[in-house]
Amino acid sequence: TEFFKNDIAYRGKGVVNWCPGCNTVIANEQVLADGTCERSGDTIEKREMPQWMLRITKYADRLIDDLDTLDWPEHIKEAQRQWIGRSRGAMIDFKINITNANDSAESSTVNRTTLMTVFTTRPDTLYGATYLVLAPEHPLVAQYEAQISNWTEVAAYIAETKQKDDQDRLDNTKEKTGVKLEGITATNPASGEEIPVYISDYVLASYGTGAIMAVPAHDERDYAFAKKFGAEIRQAVAAIFNESKNIGKERVGIYGLIQNDKGDYLIQHLKKPGYFWLPGGGIDDGETEFECLERELLEETGYDKFVIGEKITEVFYDYPAQAKYDGRNRAIIYRVTVDEGSQSPISYTEKEIADDMQTKWVPTDQIKKLLDTGEPTRSAFINFVIDIANGSIFSSNGYLVQSEEFSGLNSEDAKEKIVEKVGGRMTSTYRLRDWSIGRQRYWGVPIPIVYDPDGKAHPVPKEHLPWLLPEDVDFRPTGEAPLAKSEALKKRAEEIFGAGWTPEVETMDTFVDSSWYFLRYLDNSNEEGPTSLKKQAEWMPIDIYFGGAEHTTMHLLYSRFWQKALLDLNLVTESEPYKRRINRGLILGPDGNKMSKSKGNVIDPDEHVKTVGADTVKMYLAFMGPYEGANYPFDLGGIAGVRRFLERVYGLSDHIVDEEPAEMTKLLHKTMIKVRSDIETFKFNTAISAMMIFVNQAEKNGLSRDTYLAFVKTLAPFAPHLMEEIWHDLREEGSVHEASYPIPNPQLCEDEVVTIGVQINGKMRGSITLAPDATEAEAVDMALLNVDVARYAEHITLKKVIYVPGRILNLIV
RNA sequence: GCGCGGGUGGCGAAAUUGGUAGACGCGUUAGUCUUAGGAACUAAUAGGGUAACCUGUGGAGGUUCAAGUCCUCUCCCGCGCACCA
C-alpha cells in the first residue's frame, strides 16, 4: 500500500505476457529467450489487459550505478547491466508537415505544428537522417488518419503487424517491410530538409519513443530498409585511418576504386614494398571532383576511357607531419570501371610516376590476401573502401562530413553540439520494462487494494493489514482470478468499506515475496510492521548470498529494486541487500543436461547415501571441483576414492603413536591453515585434497592422539557423521561439533629447508635443498655441487644469477 | 552481431598469482595377497625416445633470466543480450 501511495505501484494498461499453461500473466523477466514460460514451458501469448505494475524503470540508473559498489562476480553485474540496457543518446524533435493537397487547416482537427520526437544514440549523424520511421502502433499514425492519403494501405499494414507474434517480428534475418505515409512529411531540424515518413515493424513501439530518425549510411537496419524502399543514403560521418593528433591542414583528394569487366581491382603499388594505394590524387584549385579524378587517373594508370560511377564514401587519412603531404587528407572515392580490352596497355605520361608507382590488376579473390601483406594502415584503408563498395555500413564514430558547420568535428564532440543546435536533449533510454506483478492465481499474496463503487482503486488501510487470502476458493487456475469467486473476500470488502466496494482479486507474483523475505526473517515476530530498522541495522546487508545463475535477471534484480524503493520510503537502512554474491554451480544429470523429470536424468542422492553414506556423497560433490560457477555432470566414477579416504581416516586410530615425528606436527598445522583459508574462499575441493595428503603421510609416519583429534575436528564440517563417531570412539567429551575449531600455529609450519628448482639459461635442470634464507652465494655453491646442474655448468662462466629465495635459482651462462 | 566467461593428461581438476606444470582423486598398467572373483596394499602413469635428452597448458607471434599466468592477433566452447535506434 505504501508503494501505491507513492506511485511506485500503479494500474497500467497495455500488452502483457499471458501464459496459457499457468493461466496467468507473467513478467518480461519470466519469459525465456525462446518465448516460452520460465515455469511451465508453454509459449507465451500477448494479451491486452490492465495490470498492476511496479515502476522498476524509475530505478534503472540506480540499479546500474550501484552495481559498482557490490562484491559480485563481474558476469552477473554485466548481465544485469545488459538486461536494464541503458543507452545514452538524445531526444530530437522533428516537425511534421502536412502535404496532402486535399487537407486544409479549417477542415482538420489535427494540430498543425505537431512535433515528432525520436530517440537516437547517434545525434552526430543527424545530417544523414533522410527519413523517419514510426512503429506501426505509434499513436501519431492514427491521429493523422485524415491527412494520410494512402490510409487503406497503412491500416492494412498496422493490422498485419498486430497479427505477427513477437518471434516473427524479432527475426532480424527477414526482409524489411513497411509503408510510406503519403500526405505527411517531416523536417530534418539540422538541415531543414523535408524528408519522408514511413511506418515499419522494425521499429518497436515499446523502446525509446517508438520512432526513429533513419540514417541509412550509418545503420545497417536503416540501410536495408532504404535499399528496399529507395530512400536516400547520405554519408554524415567518415572513417579515419592513421589518425594523428597534430593535423596541419586538410586537403581533399579524389580517388577511384577501379574495376574491369571481370571485377578485378586496379591497385597502385608504391615504390616502397607493401605500400598499396588507390589511383587518384589531390584536387587542384578550380577543378571539379570529376575533372580531378579524370586527370589523375590518366596520369597514374595510363587508361583514357573510364566510366566514373557513384561516390562510394569519404574517408579521412592522416599523413604524419614529416611526410611529403602532411596533414589530413579527405579522400573522396568514386566507383570507376574500365573496359580493359578496348584500351591500350598501361603507359605512363610522367617519368616520375612510372618510377614511383605501378598499377596492377588484382583479382577479387586475391585482393584480401595481397592487402594482408601490405603496410597495415594503407591496406586497412583500401580494405575499408572495398567493403563499403560491397554494401558494408560504417556505423562507428568518426569525423563528420557533409554536416555544415559541424563538418570536421569528431563524433563525440559533435553529438552534444548538434543536439544543442536543434533544441534536443541528451538523455538515456532503457530496455528494462516496468514489472507486472498481478497474477490470476490463488497461490500468492492478495493485492491489498479495494475499489469504490465508481471503480477507483484505494489501498487497504494499515489497520486492516495483513490482507489475508480467503479460503473459500477452488485454487486451480482457470484463467479467471480464483479470488473473484470468493464470497468471503467480497463480504470482507463490503463490511469494512461499505456496500458497492469490491476487492482486487488478483494476487502478487511470488517474486514479490522473495524480494524481501530476508528482511522479515530478521524480525519475524514483529506485530507493528514488516521489520524494524533496529534489527536491520544489526543484520543488514546480507554478507554473502548464495544461489543459482537463474536468478540473475529475476530475483536478484527485483529484490535490489525492492530494497531501493523501500529505502526511499525510509523503511530500510541499506540501499543494497546483498554485499557479496556467489553463484554456486549445478550438479547436472549424467548426460550433462540439467536434471529434469522430462529428460529422465534425475539422480536421487538418497540412493547413493544408502550405499556409501551421506558424508561420502556430500564430500564427493565438494571434491569434484570448485564450488563457484562451473557445472558438473553427475559421475559416480570418483566417489569410491572419497569413501576410501574416509575409511582411512577411520583407520588412523591404528597409527596412533606416543611420539610423532616433528614433520607430522608441522603437516597438521599446514593442513589446518590450508583448510581454513580454502573454506573462506569456497575452495572445498582443494581443502579436501590437503586433508588427503595429511592422511597419506599419517599412515606412513604415525601420528599422536592430539594430532588425530585436531585433524578430526578439522574434517568435522566436511564429514560430520563419521567424525562424531570417531570423536566418541576416542572417548572425548560431548560432540565434536561443539568443540572449538582448531587454531593452527603458523610458526610450527616454518620450514628449515626448502627445495627449489635450478635453471640454466631458463631451462629447468635440477633441484637443490637449502635453507629458505640462504644467500645467493650459498645457493650457487649448492647448485654447482648438484650433479644434474654441474653437468651443464661445467667449464662455463656464470654471466648472471637470478635467485628468488625459496622459489628459484636461474644461472645464466 | 555485441558483451561476459572458459580452453591444462584417458577423466574431474591443482598451480603460493610471473618462479620445478599436471598437486589430490578417478581410471589404467604391473606386482603382492587370494582356490577364484572382488577388496586391500606396493609401484608406475603428459607425449616421444633404449638413453642422454626433446616436446608439451587450443593455435600463431611477442615481452622476460623465467610465461598456463602478461601483451597482440586468431580458432573453438559455454552463458547473457540482440531489428533496442
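Atoms considered below: every heavy atom in the structure, side chains included; atoms not considered: hydrogens, waters and symmetry mates. Letters A, B, ... mirror the listed sequences (proteins, then strands); counts begin at 1.
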Which whole number of Å gives the distance between the [atom1] atom of [N] and that of [M]?
| N | M | atom1 | value |
| --- | --- | --- | --- |
| B:G61 | B:U17 | P | 30 Å |
| B:A23 | B:G12 | P | 15 Å |
| B:G56 | B:A67 | P | 11 Å |
| B:U64 | B:U69 | P | 16 Å |
| B:C24 | B:A14 | P | 14 Å |
| B:C4 | B:U20 | C1' | 35 Å |
| B:U28 | B:G62 | P | 43 Å |
| B:A13 | B:G27 | C1' | 14 Å |

query: Who are the side-chain contact (heavy atoms from CB on, under 4.5 Å) partners of A:Q759, not counting sequence neighbours?
result: A:M764, A:I808, A:N810
query: Excluding sequence neighbours, so at least two apart, what forms side-chain contact (heavy atoms from CB on, under 4.5 Å) with A:N397?
result: A:R122, A:D124, A:S411, A:E412, A:K415
Round to the nearest Å and state the distance from [X] atom [atom1] to [N] atom [atom2].
| X | N | atom1 | atom2 | result |
| --- | --- | --- | --- | --- |
| A:K77 | B:G5 | NZ | P | 12 Å |
| A:K700 | B:U42 | NZ | C1' | 11 Å |
| A:Q80 | B:C81 | CD | P | 12 Å |
| A:F684 | B:C24 | CZ | P | 22 Å |
| A:I760 | B:U20 | CD1 | P | 16 Å |
| A:L432 | B:C81 | CG | P | 13 Å |
| A:E647 | B:A40 | CD | P | 8 Å |
| A:R88 | B:A85 | CZ | P | 13 Å |

[X] side-chain proximity, nearest of [options]:
| X | options | answer |
| --- | --- | --- |
| A:R807 | B:A85, B:U17, B:A40 | B:U17 |
| A:V804 | B:G19, B:G27, B:C83 | B:G19 |
| A:I808 | B:U20, B:U16, B:C24 | B:U20 |

message: Taking the nucleotide of RNA chain B with the nearest heavy atom to each, does A:A690 or A:R433 sit closer to the 5' end?
response: A:A690
query: Which residue lies toward the 5' end of RNA chain B, A:V758 or A:I76, if each is placed at its nearest nucleotide?
result: A:I76
Salt bridge (Lys or Arg N to Asp or Glu O under 4.0 Å) involving [X] - partner list, sequence neighbours excluded:
| X | value |
| --- | --- |
| A:D222 | none |
| A:R807 | none |
| A:K180 | none |

Dump the pairs, protein N or O against N or O of nucleotides 12-15 of chain B, anything under 3.5 Å, distances to one decimal.
from: B:G12; atom 1: O2'; to: A:M624; atom 2: O; distance (Å): 2.5
from: B:A14; atom 1: OP1; to: A:N685; atom 2: ND2; distance (Å): 3.1
from: B:A15; atom 1: OP1; to: A:K683; atom 2: NZ; distance (Å): 3.1

task: Would you give a per-nucleotide map of nucleotides 57-67 of chain B, 5' to 3', where B means the base has a protein non-hydrogen atom under 4.0 Å away, S means only the sugar-phosphate does, and - means neither?
output: --------B--
query: Quick one: what's the B/S/- string for nucleotides 69-80 of chain B, heavy-atom cutoff under 4.0 Å, read 5' to 3'?
result: -----------B
query: Salt-bridged, A:E78 to A:R81, with N to O below 4.0 Å?
result: yes
query: Taking NZ, NE, NH1 and NH2 as the nitrogens, is one of them in A:R676 or A:E680 under 4.0 Å from a carboxylate oxygen of the other?
result: no
Using Watson-Crick or G-U wobble geometry with both distances under 3.5 Å, which nucleotide pairs with [N]?
| N | value |
| --- | --- |
| B:G78 | B:C4 |
| B:A85 | none |
| B:U42 | B:A30 |
| B:C70 | B:G62 |
| B:A51 | none |
| B:C24 | B:G12 |

- request: Taking the six-membered ring of A:Y202 (Phe, Tyr or Trp), confirm whether the NZ or CZ of A:K176 is under 6.0 Å from its centre and within 45° of its axis.
  value: yes
- request: Using the ring of A:W72 (Phe, Tyr or Trp, six-membered ring only), decide whether A:R560 places NZ or CZ under 6.0 Å from its centre and within 45 degrees of its axis.
  value: yes
- request: With sequence neighbours excluded, tell me which residues meet side-chain hydrogen bond (donor to acceptor under 3.5 Å, both in side chains) with A:R86.
  value: A:D61, A:D65
Taking every non-hydrogen atom, the tightest pair across A:N188 and A:L126: ND2-O, 3.0 Å
field: In B:G59, glycosidic geometry as syn within 90° of 0 or anti otherwise
entry: anti
field: Glycosidic class, syn or anti, of B:U17 using a 90° window around 0
entry: syn
Check ring pair (Phe, Tyr, Trp, His ring centres under 6.0 Å) between [X] and all other residues, then give those that pass, not counting sequence neighbours.
| X | result |
| --- | --- |
| A:Y430 | none |
| A:F684 | A:Y627 |
| A:F694 | A:F711 |

So [X], base contact, sugar-phosphate only, or nothing? Heavy-atom distance under 4.0 Å.
| X | result |
| --- | --- |
| A:R81 | nothing |
| A:N696 | sugar-phosphate |
| A:T429 | nothing |

task: Establish whether the base of B:C83 is bridged to the side chain of A:K176 by a donor-acceptor pair shorter than 3.5 Å.
output: yes
Is there a side-chain polar atom (N or O) of [X] under 4.0 Å from OP1 or OP2 of [N]?
| X | N | value |
| --- | --- | --- |
| A:R431 | B:C81 | no |
| A:T755 | B:U20 | no |
| A:R643 | B:A40 | no |

- prompt: Do A:N242 and A:R378 have side-chain atoms, one donor and one acceptor, less than 3.5 Å apart?
  reply: no
